[in-house]
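Here is the structure we will look at.
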Amino acid sequence: MIRLGLCCIFREQPIKFRRKTAKSMLGLPRSEQLGVLASLCRLNAGALQQALRYCQAHGIGDFRINSQILPLYTHPQLGYRLEELPGGEEIIAAFARCGTFCRDHGLRTSFHPDQFILLSSPSEEVTQRSIAELNYQAELAELVAADVINIHGGGAYGDKEQALARLTRRLQRLRPQVRARLCLENDDRIYTPRDLLPLCLAEGVPFVYDVHHHRCLPDGMEVAEVTESARRTWDREPLFHLSSPRDGWNGKNPCFHHDFIDPADFPAVWLEPGLDLSVEVEAKAKELAVNRLRKDLADRVVLFPDGE
DNA sequence: AGCGGTCAAGTTGAT
DNA sequence: ATCAACTTGACCGCT
């Protein structure tokens, strides 16, 4: 069964996640800050509920949750705890209901912390901030029943081997709630599947195979070969990423994402009968792209069912 | 109401 | 030495 995933936002559905810039908040007294943050968090919990309902109804079995769903949660000056927000208990309950909804309907959710979260950095300060951020994401992941927190290898710092050795060491410092969800994904600049798979297999870190990144930054491995190795890193349903190039494979920069997925870019080996797989669709037309791909695949493979 | 410039965080590579 | 690109909008503050 193939479970397609939607990433973070909607193109047409009126489902919006809200946030604020730190700059606009820093001048306010703490009580006003907390008031504004509380209303954003409450709104975003409601938007997440709507997003999950949409996915359930449309046979989208996976939803990636944006890290900013709790805006500025770990900001050095503006950071907060949900419990200290006005109406915090109700906000927590609203997120917990999202988790219950996912369990009831077999939906999967994931987090993808952005480029500032680095376990390979030589800087202890960067590492500590990153671990703090991962702790936050794991806390929220527990609340909404998400099983994936997916990051990249980070920088090379002039020596990939050493950087990956640092990353490996730092796995020991992660809380079980983080470690149980942490995954590593190949990127399109530095870390290829060939770089990451040995670490993932040795350390039991699930490998999120982004086939688009791999096609943009090839490493001599075949798609089928990476797919097979990636599967072995997962003790549950593997999660992969897929995109199509904006200007075609012969265009100027194939890394740019297209609005939609060209079904020809969907690897044939991912359609093998009996293979359960989550495929997050990184396409700018968002739910429209997932819905179209779902139609395109319908007669070739068993899909996560839509709620009738 | 509409517009353009800006947005917490790190790293790389183009200029 | 500086700055855009990462994913890519959404938000802010000005008119």
Side-chain angles (χ1 to χ4, degrees), chain A residues 5-28 32-33 36-37 39-40 43-44 47 51 63-80 110-137 150-160 162-164 166-167 170 185-192 195 208 210 212-213 216-217 241-247 252-261 280-290:
Chain A
L6 171 64
C7 298
C8 305
I9 56 174
F10 290 79
R11 161 73 66 97
E12 269 187 0
Q13 287 300 303
I15 300 173
K16 304 275 182 215
F17 295 91
R18 304 279 316 277
R19 54 195 196 199
K20 290 252 178 240
T21 60
K23 210 173 180 180
S24 72
M25 302 272 298
L26 282 169
L28 302 176
E32 279 181 50
Q33 288 174 350
V36 172
L37 293 164
S39 63
L40 290 179
L43 230 48
N44 288 348
F63 183 70
R64 185 191 299 174
I65 301 172
N66 194 289
S67 308
Q68 278 276 18
I69 192 160
L70 301 184
L72 303 164
Y73 190 74
T74 55
H75 186 279
Q77 281 95 51
L78 294 163
Y80 54 95
S110 72
F111 287 88
H112 195 8
D114 49 17
Q115 66 265 38
F116 313 106
I117 305 328
L118 298 159
L119 292 180
S120 58
S121 172
S123 152
E124 180 54 29
E125 201 185 318
V126 169
T127 304
Q128 279 186 18
R129 271 206 302 272
S130 298
I131 290 176
E133 181 70 22
L134 290 171
N135 286 338
Y136 143 60
Q137 305 236 357
N150 172 37
I151 62 171
H152 291 291
Y157 313 94
D159 186 339
K160 274 202 242 186
Q162 264 193 44
L164 288 179
R166 275 194 301 272
L167 193 158
R170 281 156 187 177
E185 178 190 349
N186 60 302
D187 62 75
D188 55 8
R189 294 156 59 91
I190 300 162
Y191 290 102
T192 64
D195 294 324
V208 173
D210 187 317
H212 184 74
H213 287 159
C216 291
L217 181 67
H241 289 179
L242 177 67
S243 319
S244 283
R246 188 187 65 189
D247 308 309
K252 41 181 154 184
N253 188 349
C255 299
F256 294 135
H257 292 172
H258 200 280
D259 276 354
F260 291 93
I261 301 296
E280 288 186 341
V281 172
E282 298 186 324
K284 294 173 60 175
K286 298 297 167 183
E287 81 276 20
L288 307 184
V290 183

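Predicted model, so just to flag it, every value in this text is computed and none were measured.
Residue contacts shown for A:F256 are limited to sugar-phosphate atoms, with no base heavy atom under 4.0 Å away. A:H112 comes within 4.0 angstrom of nothing in the nucleic acid, heavy atoms only. No contact: A:K16 has no heavy atom under 4.0 Å from any strand. If you check every strand for non-hydrogen atoms under 4.0 Å, A:S121 touches sugar and phosphate atoms only. Within the 4.0 angstrom heavy-atom criterion, base atoms lie near A:L72.
Atom P of nucleotide C:dC6 and atom NE2 of A:H257 are separated by 9 Å, given to the nearest angstrom. What separates NE2 of A:H258 from C1' of C:dT8 is a distance of 17 Å, to the nearest Å. A:N66 places its CG atom 11 Å from the C1' atom of C:dA10, with the value rounded to the nearest Å. Taking atom CE on A:M25 and atom P on C:dC12, their separation rounds to 9 Å, with Å as the unit. Separating the CD1 atom of A:I9 from the C1' atom of C:dT7 is a distance of 9 Å, rounded to the nearest angstrom. A straight line from CG of A:N44 to P of C:dA10 spans 12 Å, rounded to a whole angstrom. Going from atom CG of A:L78 over to atom P of B:dC7 covers 14 Å, rounded to whole Å. One can place CG of A:D259 at 10 Å from P of C:dT8, the figure rounded to the nearest angstrom.
Salt bridge A:R129/A:E125: present, at least one basic N to carboxylate O contact under 4.0 Å.
Out of B:dT11, B:dA8, C:dC6, the shortest distance to the side chain of A:N253 is found at C:dC6. Taking every side-chain heavy atom of A:H213 into account, C:dT7 is the closest of B:dT12, B:dT11, C:dT7. The side chain of A:Y157 sits closest to B:dG10 out of B:dA8, B:dG10, C:dC12. Distances were taken from every side-chain heavy atom of A:A22 (C-beta onward) to each of B:dT11, B:dA8, C:dT7; the shortest belongs to B:dA8. Here C:dT8 is the nucleotide among B:dT11, C:dT8, B:dA8 with the atom lying nearest to any side-chain atom of A:K286. The A:R189 side chain lies nearest to B:dT12 when the options are B:dT12, C:dC12, C:dT7. Residue A:R129 has its side chain nearest to B:dG10 when only C:dG13, B:dG10, C:dT7 are considered. Listed nucleotides C:dT8, B:dA9, B:dG10 differ in distance to A:E133; the shortest reach to its side chain belongs to B:dA9. You'll find that the side chain of A:D114 is closest to C:dT7, out of B:dA8, C:dT7, C:dC11.
The nearest heavy atom of DNA chain C to A:F17 and to A:A283 marks one nucleotide each, and the one closer to the 5' end goes with A:A283.
Pairing for C:dA1 is with B:dT15, a Watson-Crick or G-U wobble pair whose two hydrogen-bonding atom distances lie under 3.5 Å. Pair check for B:dA8 finds none; no Watson-Crick or G-U wobble contact set falls under 3.5 Å. Nucleotide C:dT8 is matched to nothing when pairs are restricted to Watson-Crick or G-U wobble geometry with both distances under 3.5 angstrom.
When every heavy atom of A:S244 is checked against every heavy atom of A:F260, the shortest pair comes out as CB-O, 3.6 Å. Here the shortest heavy-atom pairing between A:P71 and A:I69 reads CD-O, 3.2 Å. Across all non-hydrogen atoms, the minimal contact from A:N186 to A:H213 is O-ND1, 3.0 Å.
Residue A:K20 has no polar side-chain atom (N or O) positioned under 4.0 Å from OP1 or OP2 of C:dC11. Within the structure, every side-chain polar atom (N or O) of A:H152 is placed at least 4.0 Å from both OP1 and OP2 of C:dC6. Put simply, A:R11 has no side-chain N or O that comes within less than 4.0 Å of OP1 or OP2 on C:dG9.
Between the P atoms of C:dT7 and B:dG5, the separation comes to 24 Å (whole Å). Comparing the P positions of B:dT11 and C:dA10 gives an interatomic distance of 28 Å, to the nearest angstrom. C:dA4 and B:dT6: their P atoms are spaced 10 Å apart (whole Å). Using C1' as the reference atom, C:dC3 and B:dC7 are 15 Å apart when rounded to the nearest Å. Comparing the C1' positions of C:dG9 and B:dT12 gives a spacing of 23 Å, expressed to the nearest Å.
The structure places SG of A:C8 at 6.0 Å from NZ of A:K286, a figure rounded to the nearest 0.5 Å.
Both thresholds, 5.5 Å between centres and 30° between ring planes, are not jointly met by A:F116 relative to the base of B:dG10, so the two rings are not stacked.
In terms of modelled atom types and a separation under 3.5 Å, the side chain of A:Q33 and the main chain of A:M25 share a donor-acceptor contact. Judged purely by atom type and a 3.5 angstrom limit, A:D114 has no side-chain atom pairing as donor or acceptor with the backbone of A:S67.
Under the side chain to side chain donor-acceptor pair (under 3.5 Å) test applied with A:H241, the options A:E185, A:H112, A:H212 reduce to a single match, A:E185.
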